[in-house]
Structure formats: structure tokens, C-alpha cells
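The model shown is predicted, which means the values in this text are computed figures rather than measured ones. Order of the sequence lines sets the chain letters (A, B, ...), proteins ahead of strands, with each chain counted from 1.
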There are 2 protein chains.
Amino acid sequence: MNERISRAERRRQTEARILAAARQNFAEVGYDRTTIRAVAAAAHVDPALVMQYFGSKEALFRQAVHVPADEALPTDPEKLTELLLSIIGVKLGEPSTASLPLLRSMFTHPEATAQMRASLARQLEQFAAARPGDDAELRASLIVSILLGVTITRNLIELDQLRDATPDQITNLLRPCFQALTNNRA
Amino acid sequence: MNERISRAERRRQTEARILAAARQNFAEVGYDRTTIRAVAAAAHVDPALVMQYFGSKEALFRQAVHVPADEALPTDPEKLTELLLSIIGVKLGEPSTASLPLLRSMFTHPEATAQMRASLARQLEQFAAARPGDDAELRASLIVSILLGVTITRNLIELDQLRDATPDQITNLLRPCFQALTNNRA
DNA sequence: GTCTATAAGCAGATAGAC
DNA sequence: GTCTATCTGCTTATAGAC
């Protein structure tokens, strides 16, 4: 009664702190090089507690890379290009901490690869549905490839010229690309 | 004298077989999940022999990801777009076994990240030199990002729609993108 | 020269003390 | 409920037998 915060609330906070530390570690060095011990140290808890809460390293990773799911894409064809640019705009603007853990391990962790492929396939379907026609899916796959490539080169590889550019500069240069790919007749 | 192949020749062949096995392993599961034991088994040699020949796992990886260096890029601006398309055309055509080991580990192995960044920077400089002008380097960085993104989505993520497409289909759809990015005045 | 045996270290996971 | 101590397994790397 005289406790300001309940036991359950305290536990919830500790769990959130562990999850945040795990996300950062997975984002920085990937699944294999992240250790339960390092996550625990970063969250100021005992390593055994991490296991107690999450069960296994795999389960912790699954929680860390889980993202709520994409919001539905408006299917207005006219503004699709601008929508794409705004998507990449915000993605480039934010530190993208939400997707970094998955991106970092997507080539070396089988489950991460599968999840990324599924995520790209979902986006692709939305784009293709918004612009039906010949080659719609292939065009859409190129769009998601470009979005992925730019994100990777900027945030993971950290190529100087791309890292130093503003989102506006990038979106302006990419506009003709997306315009070309959203037109059915080239 | 009656030996058809010399001792040195035999050793050279064994070393080549180990290196080929290492390339395949690194390409498939990345640096961390590749073990000396697995490489040795694939090459039908003793694990200790791998260490004897290459010194360490790091050294083996360095040899495996080493590529001769890119051929110089002709600086003819008129045909640059077609050149880009032919580059990605052959890259998409070949299994790309040469670059896969580096691509697979570029997010999780620090040295691989640095080497990929250096490689992209070199390509970028060549593109920028071929089309000087405003934003030349940023445009070039987007070009290499697109090339990287398409290669990744097709060969590492193996997105169905991109995996099933022919190099010609892909290059045809990408042509307007590269045309737009190689023009200085949009 | 090649391989057996083993050293040395670090990981995830677990059992039990407090 | 939380943490100490430990178990088990796997890795790279090495020393020495053959």
C-alpha cells in the first residue's frame, strides 16, 4: 500500500531496460557477437536475470527485432512517388534504432534473414498493389532494393558522402528514380 | 624425377582447395559461424593443416575476401549509363562468388566493413570523376547504393521477384534511374 | 610434413544458496 | 526473487608424436 511502485511495475521497468540494452548491442555488433553478459552489464542487472526473464538468447533476439508491423500504404497512385520519398525521408532522418538490430544481423542469422525477406515482400506487395500493371512486382522489388541499399550504405556502411548528406538532398536526387519505377510504361 | 607433380605443386593445390572451401563457407554463413574444422572437412584436410598454411582464422578470411581490385573505369560520360548497366548485368549474371564472402560478413566483421566501405568509395570516386559537377559525389554514392541494394536483395536476401528476373529485365528497368543520376542538371 | 592430443578461453545455460 | 558458482560444449590455437 505504501509502495509508490508495485513489484510488477518494477519488474516491467527492469525488463524494458534489458530489452533496450539488447537492442543496442544487437544493433552494434550483431547477434553472434552480442553476449548475454554484455547485455546484462549494460542494463546493470545480473546475467542470470536476463535468462530468467527471456528464457534464451534466441528468445531475447526475437523480442529485440520485433516491430509492430508497417502501417497500411495508401493506394493513391498519383502521390506514390512522394510517399516513397517521405518514407525514406523519415527513415533517413531518424536514427532508425528500431530496424538496426534486424538489419545488422540479416546476413548472418537465419531467422533475421527470413524476417527481412518477409518484411520486404510485404512492402513490395503494397507497392505493386498501388501500381498494378506489367512488371509491377519487379518494379516494386527494385524500389524496395533501392530503399534498402541507401539505408545500408548510409547507416551501416556509413559511406561519408551519404552520411553527410541531408535527407532532402537524397530524396531530391532519388525522385526521378522512383518516378521512373512507378510508371508502368517507360 | 619420376614424380609427375612436384611437392611444391601438390602443396599449392591443397592450399587452393582450402581457400576455395573457405570462400564457400564464409559466403554461406559468414565469418563468425565459419569454423576452421568445417573448412578443413570440406577441403578434406586436417584442421591443423589449415592453421599451418594460413596462420589464423583472421588471416584465412583476409585471403578469402581479397579481390584483385577493380579495373579502371573509362571516363566517357556519354556511355556511362550503359556501362553501369553492363556492370550490374554481369554482376547479376555470375553467381558473384568472388564478392559473396565479403558481402556476407560486411555488417558483423569490422575489417570486412572497412574493406567494403573502401571499395564503395573507390567506385564512387570513379563515377564522380566521370561526371563532374554539382553533387557529383552524392549522385555517385546513390548509384553505388542502388547497385549494392539490388545485389543484396537478389543474392543474399533472395527476394523471389528479384531472384527470378533476368539480368536484362532488371537493367532495362534501372536504365532511367541511372540516366537521371548521371545527369548533372535534373 | 602431417596429424593426434590437448591446452586455454569463452559462450549459453542451470542448479542451488541466500 | 535474485545472484553465486558451476556445468557443458565449442572454439581457436599449439605442442609434440609419428
Side-chain angles (χ1 to χ4, degrees), chain A residues 2-19 21-26 28-65 101 104-105 108-112, chain B residues 2-19 21-26 28-65 101 104-105 108-112:
Chain A
N2 52 3
E3 289 175 338
R4 293 285 310 274
I5 45 182
S6 68
R7 207 179 301 256
E9 177 65 13
R10 202 169 228 323
R11 142 123 199 193
R12 205 193 57 78
Q13 286 183 2
T14 302
E15 200 170 306
R17 205 168 66 246
I18 293 172
L19 200 55
R23 286 213 172 90
Q24 184 169 350
N25 262 266
F26 287 135
E28 284 173 0
V29 298
Y31 178 83
D32 288 325
R33 298 193 179 202
T34 293
T35 64
I36 299 282
R37 285 164 164 84
V39 171
H44 305 290
V45 298
D46 191 272
L49 203 65
V50 179
M51 298 299 295
Q52 185 73 13
Y53 284 0
F54 294 89
S56 71
K57 184 182 175 183
E58 282 288 344
L60 178 61
F61 182 68
R62 237 172 282 131
Q63 291 256 347
V65 301
R104 178 73 69 184
S105 297
T108 44
H109 192 287
E111 214 171 307
Chain B
N2 52 0
E3 287 175 342
R4 292 287 309 274
I5 46 182
S6 70
R7 209 177 300 257
E9 177 64 13
R10 201 166 229 323
R11 142 122 199 192
R12 204 192 57 78
Q13 286 183 2
T14 302
E15 199 170 308
R17 204 168 67 245
I18 293 172
L19 199 55
R23 285 212 172 90
Q24 184 169 351
N25 262 268
F26 286 136
E28 283 173 1
V29 299
Y31 178 84
D32 288 324
R33 298 193 178 201
T34 292
T35 64
I36 299 283
R37 285 164 164 81
V39 170
H44 304 291
V45 298
D46 192 272
L49 203 65
V50 178
M51 299 299 296
Q52 185 72 13
Y53 284 0
F54 293 90
S56 72
K57 184 182 174 182
E58 282 289 343
L60 178 61
F61 182 68
R62 237 172 281 129
Q63 291 255 348
V65 301
R104 179 71 68 184
S105 298
T108 44
H109 191 286
E111 214 172 308

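- Rounding to the nearest 0.5 Å gives a distance of 10.5 Å between CD of A:Gln24 and OG1 of A:Thr34.
- Between atom CD1 of residue A:Ile18 and atom CD of residue A:Gln63 there is a gap of 11.0 Å, rounded to the nearest 0.5 Å.
- Shown here for A:Val50 and A:Ala40, the closest heavy-atom pair between the two residues is CG2-CB, 3.9 Å.
- End-to-end axis angle for the helix from C:dG1-D:dC18 to C:dC18-D:dG1, using five pairs per end and rounding to 10°, comes out at 10°.
- Here the range on DNA chain C touched by chain B, meaning any atom under 4.0 Å from one of its heavy atoms, is C:dT2 to C:dT4.
- Under the salt bridge (Lys or Arg N to Asp or Glu O under 4.0 Å) criterion, A:Asp46 pairs with no residue, sequence neighbours left out.
- Listed by residue number, A:Thr34, A:Thr35, A:Ile36, A:Arg37 are the residues of residues 28-37 of chain A with a heavy-atom contact under 4.0 Å to DNA chain C.
- Annotation: B:Glu9, atom CD; neighbour count of heavy atoms from other residues, nucleotides and ligands within 6.0 Å is above 12.
- B:Ala64 approaches B:Arg23 most closely through the heavy-atom pair O-NE, 2.8 Å.
- The nearest pair of heavy atoms linking A:Lys57 to A:Asp32 is NZ-O, 3.6 Å.
- Sorted by first and then second residue, the pairs that involve residues 38-63 of chain B and meet ring pair (Phe, Tyr, Trp, His ring centres under 6.0 Å), not counting sequence neighbours, are B:Phe26-B:Phe61, B:Tyr31-B:Phe61, B:Phe61-B:His109.
- Contacts between residues 38-55 of chain B and DNA chain D, defined by a heavy-atom separation under 4.0 Å, are made by B:Met51.
- In terms of heavy-atom proximity, A:Ile36 sits nearest to A:Met51 at CD1-SD, 4.1 Å.
- Although no hydrogens or angles enter the test, the distance criterion places a donor-acceptor pair under 3.5 Å between the side chain of B:Arg17 and the main chain of B:Ala43.
- Closest approach of A:Ala21 to A:Val39, counting heavy atoms only: CB-O, 3.8 Å.
- Surrounding CZ of B:Arg10 are at most 12 heavy atoms belonging to other residues, nucleotides or ligands under 6.0 Å away.
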